[in-house]
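Note that the structure is a prediction, hence the values are computed from the model and not measured. Chain A is the first sequence line, chain B the second, and so forth, proteins listed ahead of strands; every chain is numbered from 1.
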Amino acid sequence: EVQLAESGGGLVQPGGSLRLACAASGFNFGDYSLNWVRQAPGKGLEWVSYIRGSGSPIDYADSVKGRFTISRDNGKNSLYLQMNSLRAEDTAVYYCVRDHNYYFDFWGRGTLVSVSS
Amino acid sequence: QTVVTQEPSFSVSPGGTVTLTCGLSSGSVSTSNFPSWYQQTPGQPPRPLIYYTTVRSSGVPDRFSGSILGNKAALTIAGAQADDESDYYCALYVGNGFIWVFGGGTKLTVL
């Protein structure tokens with residue numbers, strides 16, 4: 001069974017940093033691209049970042065480019081999102097999402113990031 | 001900046017049929033945008049419904065169907081049931097690398 005479990009969310013002050021992790025199981029991790037998708041409270045979904053199974057290429061939404069860094073460790077079946085210079089508008093549930101050739105086929109349950117002073 | 005448009009809300013009677021649409025600010029939606037649809041209920045992660053424009057995800061009843069209607073992607077729900085009351089999101093691949101954009105979502109009410 002495919003499982004994606006996010007961790008690392010929490011409360012952080014504006015300008016601060018946070019590193020999210022996603023532990024994957026139930027599939028051949030290195031064969032799949034992965035994404036981070038977020039959802040602000042009461043709002044819609046926003047795609048954040050993409051990484052191919054091999055680790056590149058990588059891409060980002062304009063709203064996070066230059067502040068967030070996606071990475072993966074295929075030996076540990078783990079995906080990461082390093083978030084720097086956090087802003088109030090980054091407050092959201094962050095989902096780890098498997099990419100099955102141009103569609104998002106499995107979603108984790110998400111981890112909440114709150115940016116507030 | 002690419003914007004994906006969806007109806008903010010829609011209402012359908014039980015047993016009725018409703019079609020939700022997904023448009024692209026930069027032009028027409030095509031199969032090259034790999035339209036996909038997701039259903040979300042409060043407190044839950046999104047559930048995949050449709051991918052590659054028309055293909056139903058595993059376990060999705062055939063009451064749900066996807067298509068291209070005119071210049072938009074469309075999700076049609078036939079024989080609407082009470083538990084279809086959810087938020088529905090479309091996602092489009094917009095290229096320029098590996099960039100995806102979600103629509104703002106449609107809140108479907110069944111009453």
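- Under the 4.5 Å side-chain heavy-atom criterion for grouping Ile, Leu, Val, Met, Phe, Trp and Tyr, B:L108 is not connected to B:Y89 through any hydrophobic cluster.
- Nearest heavy atoms, B:Q40 versus A:Y95: NE2-OH, 3.5 Å.
- At a threshold of 4.5 Å between side-chain heavy atoms, the hydrophobic network of Ile, Leu, Val, Met, Phe, Trp and Tyr places A:V93 and A:F68 in two separate groups.
- Inter-residue side-chain proximity for B:W100 and A:V37 is flagged as unmet; no heavy-atom pair is nearer than 4.5 Å.
- In this structure, A:Q39 and B:F102 have side chains that are not in contact, with every pair of non-hydrogen atoms separated by 4.5 Å or more.
- In this structure, the separation between OG on B:S36 and NE2 on A:H100 is 12.5 Å, given to the nearest 0.5 Å.
- There is no path of hydrophobic side-chain contacts, each under 4.5 Å, that joins A:V64 to A:Y80.
- Taking the six-membered ring where the residue is Trp, B:Y38 and A:F104 present tilted rings, their angle falling between 30° and 60°.
- One hydrophobic cluster, built from ILVMFWY side chains closer than 4.5 Å, cannot hold both A:V48 and B:Y93; they sit in different ones.
- For A:V97, no part lies under 4.5 angstrom from a heavy atom of chain B.
- Both the backbone and the side chain of B:F98 come within less than 4.5 Å of a heavy atom of chain A.
- Of the atoms belonging to A:D62, not a single heavy atom falls under 4.5 Å from chain B.
- Both A:M83 and A:I58 sit in one connected hydrophobic cluster of ILVMFWY residues. Membership requires side-chain heavy atoms under 4.5 Å apart, directly or through other members.
- The distance from the CG atom of B:L92 to the CH2 atom of A:W47 is 13.5 Å, given to the nearest 0.5 Å.
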Practice item. Could you go through the side-chain contact (heavy atoms from CB on, under 4.5 Å) check for B:Y52 and A:Y102 one step at a time? Key: CA-CA 8 Å; B:Y52 298 167; A:Y102 299 98; 4.2 Å; yes

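- Within a 6.0 Å radius of CD in A:E89, more than 12 heavy atoms belonging to other residues, nucleotides or ligands are found.
- Checked against A:L45 for a side chain to side chain contact (heavy atoms under 4.5 Å, CB included), the options B:C90, B:P46, B:P45 give a single hit: B:P46.
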